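This report refers to the structure that appears directly beneath it.
Keep in mind that this is a model prediction, so the values were computed, not measured.
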Amino acid sequence: MSGQFGLLKQKRFAPFFATQFLGAFNDNLFKNALVVLLTFQAAHWTTLKPELLANLAAGIFILPFFLFSATAGQLADKLDKAMLARLVKVLEMAIMGVAAVGFFLTSLPVLMGALFLLGCHSTLFGPVKYAILPQHLHADELVGGNALIEAGTFVAILLGTLAGGLLAGSVEHPAWIAVGAFVVALAGYVTSRGIPAAPAPVPELRINLNPLSETWRNIAFARENRTVFLSILGISWFWLYGALFLAQFPAYAKFVLGGGESSVTLLLATFTVGIGLGSMLCERMSGKHVEIGLVPFGSIGLTLFGLDLYFASPAGLAGTTPHDLLALLSLPAIWRVLFDLLMLGVFGGFFIVPMYALVQLRSAPEHRARVIAANNILNALFMVVGALGAAALLGHGMSIPALFALGSLLNAAVAIYIYGLVPEFLLRFIAWLLVRAVYRLRTSGLEHIPHEGAAVLVANHVSFADAVVIMGAAPRPIRFVMDHHIFRTPLLGFIFRHCGAIPIASAKEDPAMLEAAFAEVARALANGDLVGIFPEGGLTRDGELQPFRPGISRILRDNPVPVVPMALSGLWGSFFSRIEGKAMQTPFRRGMFSAIALRVGPPLPPEAATPERLFASVLALRGDCR
């Protein structure tokens, strides 16, 4: 994990990370300090009930996301994002001045106005936060950068919430809350001065101030790429699901665990540590590229540990007085609850980080900030709907553990629905499991695979699982051309059909299928896709490299694109390989968890990619290893 932490030493990332961390910290410091103040000193401010005030504050803070996210996305596409970040920090300091006036005047409307403006500050910074990363980070750093941002945001939320509560309970005059928040905002402005320039992709953009029409337009931009839009829906669902748990922590700690304020902090801290740990592990588990195969893995964990939290929740602990935290920690049942929350956070990190990186990577640069704005709008909408739904269910007598169980079952249903619409998530998960759970894969030269644009990938053909192994290692989807018999293989055939593989037959066996395959390859390359082929024409029968057939020349004649040679080793003699002749004397000599390797060479220009030259390149990459 040293790679992603190394970004914290880079000027292109560290000042921005510090700025967003301080912003998230300050939002929660001020918001929680205000809620605590109004909860325990409500009579000084208003006749409204404290629980109503808490919900009113939450609603006022989230309202700007609906009203101004569309405008914020336009500004982030029109202006330099580094300059916009600095302007937002200046606004944050001015907002703290308004809050100080509210505290001095003991004016609830002024304080609620400051809270609304703070929500505007977060709304304006949201598109900058995620749209700036692809401008300053390389493609293989996006996962690590997003992991640090997500982990930092949740840690900032935790620390800001704790600091806000402590500040509200310790200062003599509430105006000191605004002073403390101003100091944090000033620190954020100082760090923002170090953010490198991030030029506007569309400086000539005309701002549309109509939030309704522009919101619909931003959502239309997001829907241009189906995978991006469904990823946004998945992100929004995660925020609904996560907010469902976070919002119930105080009541769960009091009425289920029988604890006090310290137990609420423990629950929040455990969940936050889990999110940070899961986010940090994403880079290592994904091999530094956007591995969306982790998303189904994350959704499985979110469902299983959410359900287990229902079964782990103890009954009969709540009494007339809260239990001491140490007394609670002496109970095994509490440790199971904490473990479930930790793992919910870990698998939440697996779920959310790759999807944020995918949205950034696959969104058109000229629309990226507006796509992020659409994401923020849908996030806010899902959280509000989730909060209203949870309040209705709890109001009709549902217990908090039962609410967790219902949310977990709905999470499974949503995951199945999304993966049915976009099989790429599930297919990448299967490929990821195969190359990391069944084998020990070593890779080299993956940077030679183009991150965008058409190319032909050429590899030796050792086993039925070759395409799956390459899919699991490559940073982009690949459309493989494969023998129609392998295409129809029972388990692997399901993967191949849903990832757009192209079945092919020989001219003698089925000339119509052969011509259809070449036509589909041409269409795929014209669309900018990666196409993978095995020029040997079939599985090796003795582990040695067979002569390459001339089909590659026909493909390049009609579609002159770069050709990337690659070599697989270690799969010969495995369960998925074909063993004949002498090899039959030692069948299946390589078992589960054996080491395999994928080596990728530099791309060859189309005019140089003859069958003989490619054969020599693949042979050199493979070396003596079969």
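Taking 4.5 Å as the limit, every side-chain heavy atom of Tyr130 sits out of range of all side-chain heavy atoms of Arg368. Side chains of Val128 and Val88 form no contact here, defined as non-hydrogen atoms less than 4.5 Å apart. Put simply, the side chain of Glu214 does not reach to within 4.5 Å of the side chain of Thr71, judged on heavy atoms. Leu267 has its side chain within reach of Leu257: a pair of non-hydrogen atoms, C-beta onward, lies under 4.5 Å apart. Looking at Phe61 and Ser122, their side chains come closer than 4.5 Å, going by heavy atoms from C-beta outward. Side-chain contact between Asp340 and Tyr310 is absent, with no heavy-atom pair separated by less than 4.5 Å. Taking the side chain as every heavy atom from C-beta outward, Leu406 and Met398 approach each other to under 4.5 Å. Side-chain atoms of Leu309 and Tyr252, non-hydrogen and from C-beta on, do get closer than 4.5 Å to each other.
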Applying side-chain contact (heavy atoms from CB on, under 4.5 Å), run through Phe65 and Ile377 and close with a yes or a no. CA-CA 6 Å; Phe65 285 91; Ile377 294 167; over 6 Å; no

From CA spacing to verdict: side-chain contact (heavy atoms from CB on, under 4.5 Å), Leu167, Asn32: CA-CA 10 Å; Leu167 196 59; Asn32 196 52; over 6 Å; no

Would Arg12 and Glu141 count as a salt bridge (Lys or Arg N to Asp or Glu O under 4.0 Å) if you check the C-alpha gap in whole Å, the side-chain angles of each, and the deciding distance to 0.1 Å? CA-CA 12 Å; Arg12 57 197 171 95; Glu141 295 173 327; 2.8 Å; yes

Go through the steps for Gln248 and Leu403 under the test side-chain contact (heavy atoms from CB on, under 4.5 Å), then give the verdict. CA-CA 9 Å; Gln248 312 314 318; Leu403 180 65; 4.1 Å; yes

side-chain contact (heavy atoms from CB on, under 4.5 Å) assessment of Phe116 paired with Val98: CA-CA 11 Å; Phe116 177 82; Val98 174; over 6 Å; no

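A parallel orientation is assigned to the rings of Phe125 and His121, their planes being inclined by less than 30° (bins at 30° and 60°). The aromatic rings of His367 and Phe221 lie parallel to each other, their planes meeting at an angle below 30°, with 60° marking the opposite boundary. Between Phe30 and Phe103, the two ring planes are perpendicular [angle over 60°; tilted spans 30° to 60°].
No side-chain N or O of Asn218 forms a donor-acceptor pair with one of Gln74 less than 3.5 Å apart. In this structure, a donor-acceptor pair under 3.5 Å is present between the side chains of Thr153 and Gln20.
The list of side chain to side chain donor-acceptor pair (under 3.5 Å) pairs with a residue in residues 193-205, not counting sequence neighbours, reads Tyr189-Arg193.
Here Phe297 and Phe350 bring their ring centres to under 6.0 angstrom of each other. Side-chain rings of Phe347 and Phe305 approach one another, their centers coming within less than 6.0 Å.
Taking each heavy atom of Ile95 and Ala114 in turn, the nearest pair found is CG2-O, 3.4 Å. The two residues Ala181 and Met96 come nearest to each other via the heavy atoms CB-SD, 3.0 Å. Scanning both residues, Ala200 and Asp77, for their nearest heavy atoms gives CB-O, 3.5 Å. Summarising the geometry of Ser213 relative to Asn208, their closest heavy-atom pair is OG-ND2, 3.0 Å, with the distance given to 0.1 Å. For the residue pair Glu366 and Arg370, the shortest heavy atom distance occurs at O-NH2, 2.8 Å. For the pair Ala151 and Met280, the tightest heavy-atom approach, listed with the atom from each and the gap, is CB-CE, 3.8 Å.
For the atom pair CG (Leu338) and CE (Met343), the distance works out to 13.5 Å, reported to the nearest 0.5 Å. Taking CD1 of Ile334 as the start and CG of Leu266 as the end, the distance is 9.0 Å to the nearest 0.5 Å. Between the OG1 atom of Thr270 and the CZ atom of Phe249 there is a distance of 8.0 Å, given to the nearest 0.5 Å. Rounded to the nearest 0.5 angstrom, Ser313 OG and Phe255 CZ are separated by 15.0 Å. Here CD1 of Ile132 is found 9.5 Å from CG of Leu137. Values are rounded to the nearest 0.5 Å. Atom CG of Asn26 and atom CE of Met93 lie 11.0 Å apart (nearest 0.5 Å).
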Name the atoms and distances for all side-chain donor-acceptor pairs under 3.5 Å in residues 155-166, with sequence neighbours left out.
{"residue": "Thr161", "atom": "OG1", "partner": "Ile157", "partner atom": "O", "Å": "2.7"}

Side chains of residues 231-243: which donor-acceptor partners sit under 3.5 Å, not counting sequence neighbours?
{"residue": "Ser231", "atom": "OG", "partner": "Thr227", "partner atom": "O", "Å": "2.7"}
{"residue": "Ser236", "atom": "OG", "partner": "Ile232", "partner atom": "O", "Å": "3.0"}
{"residue": "Ser236", "atom": "OG", "partner": "Asn379", "partner atom": "N", "Å": "3.4"}
{"residue": "Ser236", "atom": "OG", "partner": "Asn379", "partner atom": "ND2", "Å": "2.7"}
{"residue": "Trp237", "atom": "NE1", "partner": "Asn411", "partner atom": "OD1", "Å": "2.8"}
{"residue": "Trp239", "atom": "NE1", "partner": "Tyr356", "partner atom": "OH", "Å": "3.2"}
{"residue": "Tyr241", "atom": "OH", "partner": "Leu302", "partner atom": "O", "Å": "2.7"}
{"residue": "Tyr241", "atom": "OH", "partner": "Ser408", "partner atom": "OG", "Å": "3.1"}

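Looking only at distances, a side-chain donor or acceptor of Asn28 sits under 3.5 Å from a matching main-chain atom of Ala24. Not a single donor-acceptor pair under 3.5 Å links the side chain of Asn376 to the backbone N or O of Ser69. In this structure, Asn146 contributes its side chain and Leu142 its backbone to a donor-acceptor pair below 3.5 Å. Remark: side-chain polar atoms of Lys81 are not paired, donor with acceptor, to backbone N or O of Ala198 under 3.5 angstrom. In this structure a side-chain-to-backbone donor-acceptor pair under 3.5 Å is present from Lys78 to Leu205.
Between Ser363 and the choices Asn225, Val228, Ile372, the side-chain contact (heavy atoms from CB on, under 4.5 Å) rule is met once, by Val228.
The neighbour count for His173 NE2, taken as heavy atoms of other residues, nucleotides or ligands under 6.0 Å away, is above 12.
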